[in-house]
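Structure first, commentary second.
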Amino acid sequence: MSEEKSLNFIEEIIEADLANGKYATILTRFPPEPNGYLHIGHAKSICLNFGLALKYGGKTNLRFDDTNPVKEETEYVDSIKEDVTWLGFSWANELYASDYFDQLHQFAVTLINKGLAYVEDSNADEIASLKGSPTEPGENSKNRDRSIEENLSLFAAMTEGKYQDGQKVLRAKIDMAANNMHMRDPIIYRIKHAHHHRTGDKWCIYPMYDFAHGQSDSIEKVTHSICTLEFIPHRELYDWFIEKLEIFPSKQYEFARLNVTYTVMSKRKLLQLVEEQYVQSWDDPRMPTISGMRRRGYTAESIRNFCERIGIAKRENLIDVSLLEFCVREDLNKLANRVMAVVDPVKLVITNYPEGQTEELVSENGPDDSYGTRIVPFSRELWIEREDFMEEPAKKWFRLAPGAMVRLKSAYIVKCDNFQKDPDGNVTEIHGTYITESKSGDDITGIKVKGTIHWVSVSHALQAEIRLYDRLFKVENPSQEEGDFKDYINPDSLQVIENAFVEPSLKNAALSTPYQFIRKGYFCLDKETTPGKLVFNRTVSLKDAWSKEVKKA
RNA sequence: UGGGUUAUGGUGUAACGGUAGCACUACAGAUUUUGAUUCUGUCAGUCUAGGUUCGAAACCUGGUAACCCAACCA
């Protein structure tokens, strides 16, 4: 009956864990560090973690990994919560690694008491020089064999602020010859006299990622702790701490992070784009951030569908951005009301239409009756799209040309009689005549035209600014190219059209309402719209068979 | 001169030792008052060399390639 849908490898693990009674229910977590904005790669992780819990009747915690006070801010916490909510997910608990600082500190003392941690006096360079390399073992530190008592008192002194940043660290005592570099006596606590966004000045020592993440998972009793591939080497340490501390055995699983063509995904690179003003902000519609995509008009539904379609696996991937665009169009096609807007206007005068006359034509808002209809005013002078007229028509040209006829959408068939040009050769005005009996819905002429074009009445049109976005980079994988990724930025990723015209019904356009500008694409109102000025973003263009035809020629 | 992870059409992902499937892209056609949507069809794949097996994309061995690991970042 129902189609057997294949499981990804994490679902297989979960189903096995549930089937053999290892867990009665699952708990996942989404653990961002609040040091930047979420992007589409995070969306993959969010959809995975929350989706798994939804699918298997479990829960998901939102946990902020805030163990480095110098990089983290409440501003980011707020944006992350907004983005996760917008994507359509609810967390069971809003938690912070910093909630566990007392507990984590106690864990460190436990390790010292077990002879499994020691205070290190050496500085960063000295520690690094004894660490060895992937091909050579490291050497033990001279501080490695301090007594438990000495370690205890030194760690207490660290905690009390008796030392400067960098003077001492606490290290786990594992194996300086381990193949896994993370097992070579990793640092677990460091001194930072810094203000923390939540704990303020209570602490001057902070746990490292490896001494916070797994333990936080364990404290919350997370069953499946899912992260990206680069954390594979950390898993051995993750398990080591849990084993030595004898706490709830959360398990870490890793999947391949998302890459998308024609963009970059690392926080560092995205930050550069913002700071060096290649884009205007984190929510610039060209950015692969959740906030950028939201502003551009991508729907949460389409992003969730995208994350579903790309799948979960362990191999490196570079997803074609056209799949994302497909998902956006697929959703918007269902949602968007159709309206008419002329992006690059040229005037069409219908010489046999009475001057001063206006007709209120009825136009459908979408592909079927459920979308309803609206009134569109028609008059003698119309704006039409410059690209819909061709002085010398190409082969298979269905649009306007001298002597040719087209249907004006929801209105009349019009025949082009002549046109005017300026001294530079640009067409300035087109003249035509309409066929009176060809009114949309009441056409008794029997004339078949191949083309239908959109239009707006000159005297009724609203002026608008339209922003057209293109891919941010000129190459598929900017990070992989020679040299600086910024050398591959597409200089034409934003095209601002100040002088477009839209139909009057758009006067009351609302933010977050998607529109299809017929034959041009999906658009949404931008937040920079003011009472005197409409601003629209192009979310994504429509598929365009004609432009392909042109390319072939 | 170490260790780890991964190799399936252009892209992504299935096939769990038994007919290599699905989606996107590309291409062709039908429908269309959006050259959109919808519908139909086409092209195209198991990294390599051995081995195990009646049978291998899958299991084993070698090779090759890509990515990750030596932050007081996460």
Side-chain angles (χ1 to χ4, degrees), chain A residues 5-8 12 31-33 35 65-68 70-72 97 120 123-124 127-129 131-138 165-171 178-182 184 186-192 205-206 208-210 212-213 227-236 254 256 261 267 306 309-327 329-330 333-334 338 340 363-364 366-367 396-399 406-411 413 438 440-441 443 448-454 476 516-521 541-549:
Chain A
K5 199 164 177 282
S6 57
L7 305 175
N8 65 50
E12 284 180 354
E33 181 185 15
N35 70 342
D65 229 332
D66 57 350
T67 57
N68 186 356
V70 302
K71 290 170 70 179
E72 295 145 7
E120 172 69 76
N123 64 33
I127 291 173
S129 71
K131 194 134 194 181
S133 76
T135 53
E136 300 159 28
D165 290 11
Q167 244 185 307
K168 297 254 186 295
V169 290
L170 184 69
R171 302 177 75 175
N179 274 325
N180 185 344
M181 299 295 288
H182 293 274
R184 321 248 265 226
I187 292 166
I188 59 181
Y189 259 99
R190 77 291 214 188
I191 300 168
K192 274 181 194 280
I205 61 167
Y206 293 92
M208 297 287 288
Y209 166 85
D210 285 307
H213 201 97
C227 60
T228 44
L229 255 26
E230 64 271 26
F231 288 95
I232 288 176
H234 294 254
R235 188 176 59 225
E236 192 179 355
E254 310 88 7
T261 54
K267 268 186 194 170
F306 172 72
R309 282 169 197 258
I310 58 178
I312 300 294
K314 296 187 85 148
R315 71 185 91 113
E316 292 284 322
N317 59 79
L318 179 62
I319 310 276
D320 196 328
V321 70
S322 62
L323 177 61
L324 214 207
E325 293 177 343
F326 168 82
C327 293
R329 289 191 187 104
E330 182 185 43
N333 180 47
K334 291 181 291 195
R338 275 61 171 170
M340 294 198 281
S363 187
E364 74 279 11
K396 296 199 215 166
W397 179 257
F398 301 157
R399 287 119 89 151
V406 291
R407 159 79 59 185
L408 295 168
K409 174 71 183 170
S410 299
I413 292 173
S438 67
S440 187
D443 189 341
K448 292 273 184 243
V449 291
K450 280 211 167 134
T452 299
I453 65 172
H454 60 279
E476 282 200 340
Q516 186 195 103
F517 290 180
I518 287 182
R519 303 208 303 134
K520 296 309 293 180
S541 64
L542 258 24
K543 281 199 356 194
D544 186 355
W546 173 249
S547 72
K548 283 179 188 167
E549 195 67 38

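Per chain, numbering begins at 1; letters A, B, ... match sequence-line order.
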State which residues pass side chain to side chain contact (heavy atoms under 4.5 Å, CB included) with [X]; sequence neighbours excluded, sorted by chain then number.
{"X": "A/V406", "value": "A/L400, A/V414, A/I453"}
{"X": "A/K131", "value": "A/M181, A/R184"}
{"X": "A/D544", "value": "A/W546, A/S547"}
{"X": "A/N180", "value": "A/H182, A/M183, A/P233, A/E236"}

TODO: Would you kindly compare A/D66 and A/N8 by the position of their nearest RNA chain B nucleotide and give the one closer to the 5′ end?
DONE: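 It is A/N8 whose nearest nucleotide is closer to the 5' end.
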
Open item on the list: For A/Y189 and A/A313, find the nucleotide of RNA chain B closest to each by heavy atoms; which residue's nucleotide sits nearer the 5' end?
Closed with: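 Its nucleotide being nearer the 5' end, the pick is A/A313.
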
Grab the [atom1]-[atom2] distance between [X] and [N] for me, whole Å please.
{"X": "A/L7", "N": "B/A15", "atom1": "CG", "atom2": "P", "value": "8 Å"}
{"X": "A/R184", "N": "B/G4", "atom1": "CZ", "atom2": "P", "value": "14 Å"}
{"X": "A/N317", "N": "B/U13", "atom1": "CG", "atom2": "C1'", "value": "10 Å"}
{"X": "A/L318", "N": "B/G10", "atom1": "CG", "atom2": "P", "value": "15 Å"}
{"X": "A/D320", "N": "B/C24", "atom1": "CG", "atom2": "P", "value": "12 Å"}
{"X": "A/K314", "N": "B/U6", "atom1": "NZ", "atom2": "C1'", "value": "9 Å"}
{"X": "A/R315", "N": "B/G4", "atom1": "CZ", "atom2": "C1'", "value": "18 Å"}
{"X": "A/N123", "N": "B/C72", "atom1": "CG", "atom2": "C1'", "value": "10 Å"}

Looking at residues at least two apart in the chain, or sitting in another chain, which of them share a side chain to side chain donor-acceptor pair (under 3.5 Å) with [X]?
{"X": "A/R315", "answer": "none"}
{"X": "A/S129", "answer": "none"}
{"X": "A/N68", "answer": "none"}
{"X": "A/E72", "answer": "none"}

Nucleotide of [options] approaching [X] most closely (side-chain heavy atoms):
{"X": "A/I232", "options": "B/A74, B/U33, B/G4", "result": "B/G4"}
{"X": "A/K409", "options": "B/U33, B/U25, B/C72", "result": "B/U33"}
{"X": "A/S6", "options": "B/G2, B/A74, B/A14", "result": "B/A14"}

Separation of the [atom1] atoms in [N] and [M], to the nearest angstrom:
{"N": "B/G45", "M": "B/G12", "atom1": "C1'", "result": "13 Å"}
{"N": "B/C24", "M": "B/A58", "atom1": "C1'", "result": "26 Å"}
{"N": "B/U5", "M": "B/C22", "atom1": "P", "result": "33 Å"}
{"N": "B/G21", "M": "B/U46", "atom1": "C1'", "result": "13 Å"}
{"N": "B/U33", "M": "B/U37", "atom1": "P", "result": "16 Å"}
{"N": "B/U53", "M": "B/A14", "atom1": "C1'", "result": "24 Å"}
{"N": "B/G35", "M": "B/G29", "atom1": "C1'", "result": "14 Å"}
{"N": "B/A23", "M": "B/A30", "atom1": "P", "result": "23 Å"}

Open item on the list: Using side-chain heavy atoms (C-beta onward) and a distance below 4.5 Å, is A/I205 in contact with A/K168?
Closed with: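 A/I205 does not reach A/K168 side chain to side chain.
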
Within the structure shown, what part of the strands sits under 4.0 Å from [X] by heavy-atom distance: base, sugar-phosphate, or nothing?
{"X": "A/I413", "value": "nothing"}
{"X": "A/F326", "value": "sugar-phosphate"}
{"X": "A/I518", "value": "base"}
{"X": "A/G521", "value": "nothing"}

TODO: Using modelled atom types only, decide if a donor and an acceptor are shared between the side chain of A/T452 and the backbone of A/K409 within a distance under 3.5 Å.
DONE: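 Not a single qualifying donor-acceptor pair exists.
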
TODO: For each nucleotide in nucleotides 35-40 of chain B, reading 5' to 3', give B when a protein heavy atom comes within less than 4.0 Å of its base, S when such contact involves only the sugar-phosphate, and - otherwise.
DONE: BSS---

Task: Base-contact (B) and sugar-phosphate-only (S) positions in nucleotides 65-70 of chain B, heavy-atom cut-off under 4.0 Å, - elsewhere - done: --SSSB

Task: Inter-residue atom distance A/W397.CH2 - A/E549.CD, 0.5 Å rounding - done: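 So the CH2 of A/W397 and the CD of A/E549 are separated by 12.0 Å.
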
- [ ] Mind checking the CD-CG spacing from A/Q167 to A/N123? Nearest 0.5 Å is all I need.
- [x]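 Separation between the atoms: 10.5 Å.
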
Open item on the list: If the cut-off is 4.0 Å, is A/R309 near the phosphate of B/C22, judged by side-chain N/O to OP1 or OP2?
Closed with: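 For B/C22, OP1/OP2 do not have a side-chain N/O of A/R309 under 4.0 Å.
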
Task: A/K548 vs B/A26: side-chain N/O to OP1/OP2 distance below 4.0 Å - done: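 Yes.
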
Open item on the list: Is it the case that the base of B/U33 and the side chain of A/S440 share a donor-acceptor contact (distance under 3.5 Å, atom types as modelled)?
Closed with: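 Answer yes: a donor N or O sits under 3.5 Å from an acceptor.
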
TODO: Indicate, with yes or no, if the rings of A/Y209 and A/H234 have centres closer together than 6.0 Å.
DONE: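 They qualify: ring centres under 6.0 Å apart.
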
- [ ] Only counting residues at least two apart or in another chain, list the ones meeting salt bridge (charged side-chain N to carboxylate O under 4.0 Å, His left out) with A/R338.
- [x]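 Result, salt bridge (charged side-chain N to carboxylate O under 4.0 Å, His left out) vs A/R338: none returned.
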
Open item on the list: Output the pairing pattern of RNA chain B as a dot-bracket string, 5' first, Watson-Crick or G-U wobble with both distances under 3.5 Å, | for cross-strand pairs, [ ] for crossing pairs.
Closed with: .((((((..((((....[..)))).(((((.......)))))....(((((..]....))))))))))).....

